[in-house]
Amino acid sequence: MRILAIETSCDESAVAVLDEQRGLLAHELWSQIDLHRAFGGVVPELASRDHLRRLLPLLRSALEHAGTRASEIEGVAYTAGPGLVGALLTGAALARSLSFGWKVPAIGVHHLEGHLLAPMLETPAPPFPHIALLVSGGHTMLIEVRGIGDYLLLGQTRDDAAGEAFDKSAKLLGLPYPGGPELAQLAASGRPGRYSFPRPMLDRPGFEFSFSGLKTAVLQAVRSAALSDQERADVALAVQDAIVATLCVKALRALEYTGHRALVVAGGVGANRELRARLTREARASGVQVFFPRLEFCTDNAAMIAVAGLHRLRAHEHTGGGIEVRARWPLEQLRPPGMA
Ligand code: KG4
Ligand code: ZN
């Protein structure tokens, strides 16, 4: 089976072509970061309008790069939620129109299932069951992944997501949006031990996170004195340390609790090098194998939507009816492919 996938849940427009036998044939992406930077965050209306501008050229180049004709596409997957409704609708409308015109089935994919399954594009792919640490701009979750479509949420953040904590701290340090990668870069020249920020919930049992106290602590640090460039880097390092340490401790706790031997790290914050290094080191020490998607498949992309869509289309799952998307969509409502 060969399918086309479309992702438009936030500020990335992406199209991919995935072939069951030959693997990923093309993945095209346009990031709107420059468009939103002046506003310090994603402006939903601008995001929708830009998706409309970008989608057809991306579609054309994905088909070209994949060396495939439209007549060879046997299904269309698109992100149906959760995300910005206007943005989601642009991708859903295109996907359903293609499905109608090409007379092939369409499937609406859960964005987070896409993130969770992105490591299946790599070799070796993670085994089931495993623990997934899903860390993005909107989510921080520890999930027991028993199989495709069989997810048990062990714990999540009570307030800010890890990516949000990176982004808000970065903003306080005067870094441009999105601050996560910028803060990580600044942290590279920070001196360890100069600042120390709270690591909330670490002393409590369970798998919940809380990151909202961090930005208050950072605000106090940057307000208390005019910081030199070196001191700003020291703060950045301490912020990264606090977030990474918290994520590592809780992820290892979930592995110990369930007895699973594999950990998947997914979502945009999974691109953080310090997180990757520390998790790999600590998990290995306790005999656990860690699986990351390649960097470009940590952040939003259509290849991951294609993986999730292919599993469901192959099981004869389709999305019928009108063009529907969901701003909110609990992950635990998903069922294994073919059992929806
Ligand atoms: O998964 P994603 O692309 O979008 C969604 O939120 O769904 O994640 C974006 C988040 C942003 O908060 C961004 O700052 C963060 O991932 N991020 C990083 C890094 N790269 C992206 N955070 C820390 N270090 C990075 N290298
Ligand atoms: Zn995402």
Side-chain angles (χ1 to χ4, degrees), residues 5-14 16 27 29-33 36-37 40-42 44 47 78-84 87-88 91 109-119 132-141 143 156-157 160-173 175-188 190 209 211 214-215 236-248 264-279 292-305 307-308 327-329 331:
I6 299 170
E7 153 67 34
T8 60
S9 66
C10 189
D11 59 343
E12 259 95 28
S13 323
H27 64 100
L29 182 130
W30 171 263
S31 170
Q32 304 177 354
I33 281 177
H36 300 292
R37 187 167 280 141
V42 177
Y78 61 96
T79 306
L84 303 171
L88 288 165
V109 169
H110 193 296
H111 181 78
L112 298 183
E113 179 167 65
H115 275 302
L116 287 176
L117 301 185
L133 173 66
L134 181 53
V135 272
S136 70
H139 298 88
T140 301
M141 297 173 158
I143 300 160
Q156 61 183 325
T157 183
D160 289 352
E164 222 174 337
F166 267 108
D167 294 344
K168 287 180 177 171
S169 303
K171 201 170 190 174
L172 291 170
L173 286 167
L175 298 169
Y177 168 87
E182 300 273 346
L183 186 140
Q185 204 184 341
L186 184 61
F209 303 89
F211 289 111
L214 187 59
K215 63 175 183 290
L237 179 60
V239 169
Q240 178 171 263
D241 271 353
I243 298 172
V244 167
T246 310
L247 295 175
C248 285
V264 158
V265 184
V269 181
N272 185 274
R273 287 177 198 281
E274 187 54 33
L275 178 68
R276 293 169 89 94
R278 185 159 168 182
L279 269 179
F292 298 99
R294 73 195 80 159
L295 289 177
E296 63 196 300
F297 294 160
C298 281
T299 45
D300 291 348
N301 65 87
M304 67 184 196
I305 302 304
V307 175
R328 290 175 184 281
W329 186 358
L331 191 63

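Both ligands and their constituent atoms are indexed starting at 1 by order of listing. Residues: numbered from 1 along the sequence shown.
- Of all the atoms in ligand 1, the ones that sit under 4.0 Å from a non-hydrogen atom of Gly163 are 12 (O).
- Under the rule for a side chain to side chain contact (heavy atoms under 4.5 Å, CB included), the partners of Pro44 that lie at least two apart in sequence or sit in another chain are Leu84.
- By the 3.5 Å distance cut-off applied to N or O atoms, Pro178 is not counted among the residues near ligand 1.
- Ligand 1 places these atoms under 4.0 Å from at least one heavy atom of Gly138: 6 (O).
- One finds the CD1 atom of Ile6 at 9.0 Å from the OG1 atom of Thr79 (value rounded to the nearest 0.5 Å).
- Contact atoms of ligand 1 toward Ala271: 20 (N), 26 (N) (distance under 4.0 Å to a heavy atom of the residue).
- Side-chain contact between Phe166 and Leu175 is absent, with no heavy-atom pair separated by less than 4.5 Å.
- Taking each of Ala161, Gly180, Gly268, Ala170 in turn, the one with a heavy atom nearest to atom 21 (C) of ligand 1 proves to be Gly268.
- Under the 4.5 Å side-chain criterion, counting only non-hydrogen atoms from C-beta, Leu116 is not in contact with Val264.
- In this comparison of Asn272, Thr299, Leu275, the heavy atom closest to atom 23 (C) of ligand 1 sits on Asn272.
- Note on the Zn ion (ligand 2): protein N, O or S atoms under 2.8 Å away count 3, no waters included.
- When side chains are defined from C-beta on, Arg276 counts as touching Leu295, because their heavy atoms get closer than 4.5 Å.
- A heavy-atom distance below 4.5 Å is not found between the side chains of Thr157 and His139.
- In the vicinity of His115, heavy-atom distances shorter than 4.0 Å reach the ligand 1 atoms 1 (O), 7 (O).
- For a threshold of 3.5 Å applied to N or O pairs, the pair formed by Glu164 and ligand 1 contains no separation below that value.
- Ring geometry for Phe297 against His27 counts as perpendicular: the plane angle is over 60°, on a 0 to 90° scale with 30° as the lower cut.
- Annotation for ligand 1: atoms under 4.0 Å from non-hydrogen atoms of His111 are 7 (O).
- Of the possible polar contacts, none joining the Glu182 side chain to the Pro176 backbone as a donor-acceptor pair under 3.5 Å is found.
- For atom 2 (P) of ligand 1, the closest non-hydrogen atom of the protein is Asp300 OD1, 3.6 Å.
- Among the atoms of Gly137, some N or O lies under 3.5 angstrom from an N or O of ligand 1.
- Assignment of Glu274 to the shell around ligand 1 is not supported, since no heavy atom sits closer than 4.0 Å.
- The shortest N or O to N or O distance between Asp167 and ligand 1 is under 3.5 Å.
- The closest approach between any non-hydrogen atom of Cys10 and ligand 1 is not below 4.0 Å.
- Taking distance alone, with nitrogen or oxygen atoms compared against 3.5 Å, Gly179 stays at or beyond that limit from ligand 1.
- For the ligand labelled ligand 1, residue Gln240 lies outside the 4.0 Å heavy-atom shell.
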